[in-house]
Amino acid sequence: MERVRVRFAPSPTGPLHIGGVRTALYNYLFAKKHNGTFILRIEDTDQVRFVEGAEEYIMESLAWCGIKIDEGIREGGKYGPYRQSDRKDIYRQYADVLIDKGDAYYAFDTSNDLDQLRIEAEKTGNTFIYNATVRNMLNNSESMPESEWRKKLDSGEPYVIRYKMPQNEEFHFDDVIRGHIVVNTDTLDDKVLFKSDGMPTYHLANIVDDHLMEITHVIRGEEWLPSLPLHFMLYRSFEWKPPVFAHLPLLLKPDGKGKLSKRDGDRMGFPVFPLFWPYGETAKGYREEGYYPEAFVNILAFLGWNPGTEQEIFSMDELIKAFSIERVGKSGSRFDPEKAKWFNHQYLQKRTDNQLAIEFREILRTKGHHVDIGELEDLVKLVKERVSFVNEIWEQTDFFFVAPEIYDSEAVRKRWKEDSPALLLGLRSELSKLDHFTPDVTEPVIKGWIEKMGYNTGSVMNAFRLVLVGSLRGPHIFDIISWIGKEETLRRIDRGIAVLSGK
RNA sequence: GGUCCAUUCGUCUAGUGGUUAGGACGUCAGGUUUUCAUCCUGGUAACAGGGGUUCGAUUCCCCUAUGGACUACCA
């Protein structure tokens with residue numbers, strides 16, 4: 001195979017949606033699998049929809065995911081520039097080539113005229129299609145004598161350049177994911193290739209750039225499938241070899257119907273964007289929600305692709321090795337927030353205690369607690385397998401840092417009995433005899449004491465947990481007292497007895 | 001409306017002209033845990049419907065239904 005070159009070509013019209021990130025990821029995986037080149041091209045031919053900050057957002061998102069750009073607006077490359085607005089001057093000549101060949105023509109119809117025609121067609125239940133059947137009745141260089149359209153051109157009248165779609169032709173083409181597709185050209189229209197503002201439309205710019213940049217494989221979203229025949233047609237007109245096309249299925253919303261949108265994220269409490277979007281209407285991001293990029297990438301990779309084995313956890317390198325376009329599914333995937341959490345849980349378990357302690361220390365700092373990293377490692381060890389995100393560690397360990405102020409009333413009702421104060425007093429005096437508070441010391445002593453006294457283990461331990469934690473949750477009780485220490489343990493027993501027996 | 005695309009457990013999916021239709025998430029039950037969670041074990045649950053083709057269809061073909069994308073001088 002020739003050297004693989006793929007591109008991810010987003011429009012900077014706002015934050016990059018996770019569907020877009022997945023498209024970028026699949027392009028990247030495919031490129032790297034084949035030792036190829038991954039290109040970032042910015043498609044900003046629509047000046048009106050340009051959004052400040054979007055380019056940076058796209059690049060930061062890819063970087064966070066570990067997707068490295070080989071050629072792009074920042075990286076450069078010998079096929080540059082990589083921003084279409086910077087390539088503005090090269091498109092017109094290609095539109096002219098098509099005109100000279102008779103495959104395109106000038107059209108002078110105004111947007112208003114066309115809107116009107118569409119409305120009228122709709123009234124009779126039809127769809128207005130600008131193509132061979134009506135071309136000669138409209139305002140263009142096909143319907144009028146050359147002298148007339150030359151005059152219009154010379155007088156500076158606004159015009160667009162339209163592709164001249166052939167009439168009644170069975171057009172065959174292939175997509176790696178969809179297979180063989182046949183359409184009749186009569187259902188297609190004479191798409192605008194060059195706008196009256198001097199900019200090309202997506203269709204022209206895309207084909208020209210893909211050709212000039214020697215793109216070998218176009219992997220993009222399914223929303224482009226309807227314009228695929230046009231794109232093949234353009235390659236034919238230019239007599240260029242088309243790249244291989246692969247149209248990815250869409251990402252669907254978790255419930256109900258339709259494709260995933262920002263609203264779904266808001267409604268269901270999960271992000272639809274990789275990173276926080278700070279401009280205008282802000283949006284949550286996976287990074288800020290505590291997802292690891294490795295997990296995020298793994299989740300995305302499995303939305304529409306699978307390796308055909310039972311392995312689910314894949315590093316980027318493993319994904320590159322295992323990836324193939326042929327194993328991408330045909331139907332849209334619903335995003336499942338629950339499974340996304342599970343993935344992050346898996347990745348969190350693989351982190352070392354030291355890594356987690358460092359990450360958790362940041363959260364602790366915002367809460368005003370400063371703790372030695374070694375102690376945090378001990379703490380993290382106790383709860384890591386219970387959490388899916390670093391910020392959940394706090395929810396699991398808050399009572400290590402702050403003695404309970406209030407005691408869960410349900411837990412009190414269930415576990416605080418008449419004899420609880422007496423039992424805890426006994427326990428207290430046993431504990432106060434000990435110098436070392438590690439579990440290997442405290443546990444046998446206390447268990448032995450309970451047995452010797454003939455107490456019920458649950459009665460003692462649950463009451464003990466209640467005064468230590470404030471509720472019935474948390475890790476092994478002897479691990480808790482080991483970490484908070486003797487002094488604090490005794491203090492919590494005293495306070496618990498004082499508060500709870502006074503009720 | 002038109003064009004194109006899709007359809008296996010609730011979700012992500014594997015899979016085959018003859019399988020007990022497999023896995024994961026979720027869920028349920030049991031076990032472990034003095035608590036909660038984790039964890040372990042087990043269970044639940046699917047080939048959209050109807051016609052063909054065939055000895056036999058989840059698998060191939062057609063129709064219907066449902067869903068989706070597109071239908072701009074947006075990408």
Side-chain angles (χ1 to χ4, degrees), chain A residues 9-13 43-46 48-49 84 107 109-111 114-115 118 121-122 124-130 158-162 175 177-179 181-184 186-189 191-203 205-206 220-229 247 249-250 252 254-255 257-259 299 302-312 327 329-343 345 349 383-387 392 396 411 414-415 447 450 456-466 469 471-477:
Chain A
S11 288
T13 54
E43 307 221 328
D44 58 347
T45 52
D46 185 358
V48 182
R49 294 205 310 159
Q84 288 185 330
D109 317 271
T110 66
S111 297
L114 296 175
D115 286 344
R118 284 188 192 100
E122 216 167 294
T124 59
N126 295 315
T127 308
F128 172 75
I129 305 178
Y130 201 130
Y159 66 92
V160 300
I161 296 174
R162 284 182 182 272
D175 179 277
I177 294 170
R178 309 286 152 173
I181 302 170
V182 184
V183 292
N184 188 296
D186 282 353
T187 64
L188 274 17
D189 65 342
K191 275 271 179 289
V192 171
L193 298 179
F194 206 84
K195 300 185 269 189
S196 57
D197 67 356
M199 284 293 252
T201 61
Y202 171 85
H203 304 293
N206 188 266
R220 71 217 313 190
E222 190 186 73
E223 67 271 24
W224 292 108
L225 203 50
S227 47
L228 184 55
H247 287 83
L250 264 20
L252 273 19
D255 66 334
K257 298 144 201 281
K259 65 173 177 178
I299 293 162
F302 267 70
L303 243 35
W305 171 86
N306 77 83
T309 66
E310 303 209 327
Q311 183 183 351
E312 291 203 274
R327 293 203 64 87
K330 286 176 163 59
S331 52
S333 312
R334 240 170 269 279
F335 182 80
D336 182 358
E338 285 304 318
K339 188 138 189 186
K341 281 183 198 159
W342 177 81
F343 268 107
H345 178 84
Q349 303 316 312
V383 296
K384 71 182 279 192
E385 64 185 20
R386 323 157 73 99
V387 302
E392 285 176 355
Q396 295 290 334
K414 253 173 82 180
R415 298 298 190 182
K447 283 191 169 165
I450 289 171
N456 177 283
T457 308
S459 304
V460 177
M461 298 307 274
N462 283 305
F464 191 18
R465 178 174 294 278
L466 190 52
V469 177
S471 62
L472 300 175
R473 65 190 171 99
H476 196 54
I477 213 157

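To find a chain, count down the sequence lines: A is the first, B the second, and so on, and within it residues start at 1.
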Sticking with atom [atom1], work out how far [N] lies from [M], rounded to a whole angstrom.
N	M	atom1	answer
rC61(B)	rU7(B)	P	12 Å
rU32(B)	rG42(B)	C1'	15 Å
rC74(B)	rA57(B)	C1'	46 Å
rU58(B)	rG18(B)	C1'	12 Å
rU19(B)	rA14(B)	C1'	13 Å
rC40(B)	rA45(B)	P	23 Å
rC55(B)	rU20(B)	P	22 Å
rG15(B)	rA46(B)	C1'	13 Å

ask   = Hey, is Lys339(A) close enough to Glu312(A) for a salt bridge, meaning N to O under 4.0 Å?
value = yes
inquiry  = Taking the basic N atoms (NZ, or NE/NH1/NH2) and the acidic carboxylate oxygens, is any pair closer than 4.0 Å for Arg334(A) and Asp336(A)?
reply    = no
message = Run the side chain to side chain contact (heavy atoms under 4.5 Å, CB included) test on Leu114(A) and Phe128(A) for me, step by step, so that the C-alpha distance in whole Å, both residues' side-chain angles and the decisive distance to 0.1 Å come before the verdict.
response = CA-CA 9 Å; Leu114(A) 296 175; Phe128(A) 172 75; 4.1 Å; yes
key: Pairwise distance CD1(Ile299(A)) to CH2(Trp342(A)) - rounded to 0.5 angstrom   = 10.0 Å
message = From C-beta outward on Asp336(A), which listed nucleotide comes closest to its side chain: rG10(B), rU35(B), rU34(B)?
response = rG10(B)
Rounded distance (Å) that lies between atom [atom2] of [N] and atom [atom1] of [X]:
X	N	atom1	atom2	answer
Glu338(A)	rC9(B)	CD	C1'	17 Å
Phe343(A)	rG26(B)	CZ	P	11 Å
Phe302(A)	rU11(B)	CZ	P	19 Å
Leu466(A)	rU35(B)	CG	P	15 Å
Gln396(A)	rA37(B)	CD	C1'	6 Å
Glu310(A)	rA24(B)	CD	P	7 Å
Glu312(A)	rA14(B)	CD	C1'	11 Å
Trp305(A)	rA14(B)	CH2	P	11 Å

[X] side chain vs [Y] backbone, donor-acceptor pair below 3.5 Å:
X	Y	value
Gln349(A)	Val387(A)	yes
Asn462(A)	Arg415(A)	no
Arg327(A)	Trp305(A)	no
Thr45(A)	Thr201(A)	no

message = Minimum heavy-atom separation for Ala205(A) and Pro200(A), please, with both atom names.
response = CB-CG, 3.8 Å
query = Any side-chain heavy atom of Met461(A) within less than 4.5 Å of one from Ile450(A)?
reply = yes
inquiry  = Angle between ring planes, Tyr202(A) versus Trp224(A), binned at 30° and 60°: parallel, tilted or perpendicular?
reply    = parallel
Would you tabulate the nitrogen or oxygen pairs shorter than 3.5 Å linking the protein to nucleotides 73-75 of chain B?
residue, atom, partner, partner atom, Å
rC73(B), OP2, Arg162(A), NH2, 3.4
rC73(B), O2, Ser196(A), N, 2.7
rC73(B), O2, Ser196(A), OG, 2.6
rC73(B), N3, Ser196(A), OG, 2.9
rC73(B), N4, Asp109(A), O, 3.3
rC74(B), OP2, Lys195(A), NZ, 3.1
rC74(B), O2', Asp46(A), OD2, 2.9
rC74(B), O2', Arg49(A), NE, 3.4
rC74(B), O2', Arg49(A), NH2, 3.4
rC74(B), O2, Arg49(A), NH1, 3.3
rC74(B), O2, Arg49(A), NH2, 3.1
rA75(B), OP1, Thr45(A), OG1, 2.8
rA75(B), OP1, Lys195(A), NZ, 2.8
rA75(B), OP2, Tyr202(A), N, 3.2
rA75(B), O3', Ser11(A), OG, 2.9
rA75(B), O3', Glu43(A), OE1, 3.2
rA75(B), O2', Ser11(A), OG, 2.3

Could you check whether [X] gets within reach of a base, just the sugar-phosphate, or nothing at all, counting any heavy atom under 4.0 Å?
X	answer
Gly304(A)	sugar-phosphate
Leu303(A)	sugar-phosphate
Arg327(A)	sugar-phosphate
Pro229(A)	nothing

query = Is there a side-chain polar atom (N or O) of Asn462(A) under 4.0 Å from OP1 or OP2 of rU34(B)?
reply = no
query = If only side-chain N and O atoms of Arg334(A) are considered, is one of them under 4.0 Å from the OP1 or OP2 phosphate oxygen of rC9(B)?
reply = no
Watson-Crick or G-U counterpart of [N], or none if no pair lies under 3.5 Å:
N	answer
rA29(B)	rU41(B)
rG67(B)	rC5(B)
rU59(B)	none

message = Taking side chain to side chain donor-acceptor pair (under 3.5 Å) as the criterion, tell me which of Glu222(A), Glu223(A), Arg220(A) meets it with His247(A).
response = Arg220(A)
ask   = Is the base of rU35(B) touched by the side chain of Arg473(A) through a donor-acceptor pair closer than 3.5 angstrom?
value = no
query = Can you find a donor-acceptor pair, distance only, under 3.5 Å between Lys339(A) side chain and rA24(B) base?
reply = yes
Output one line per pair: protein atom, nucleotide atom from nucleotides 2-7 of chain B, and distance, for all N/O pairs under 3.5 Å.
residue, atom, partner, partner atom, Å
rC5(B), O2', Arg178(A), NH1, 2.6

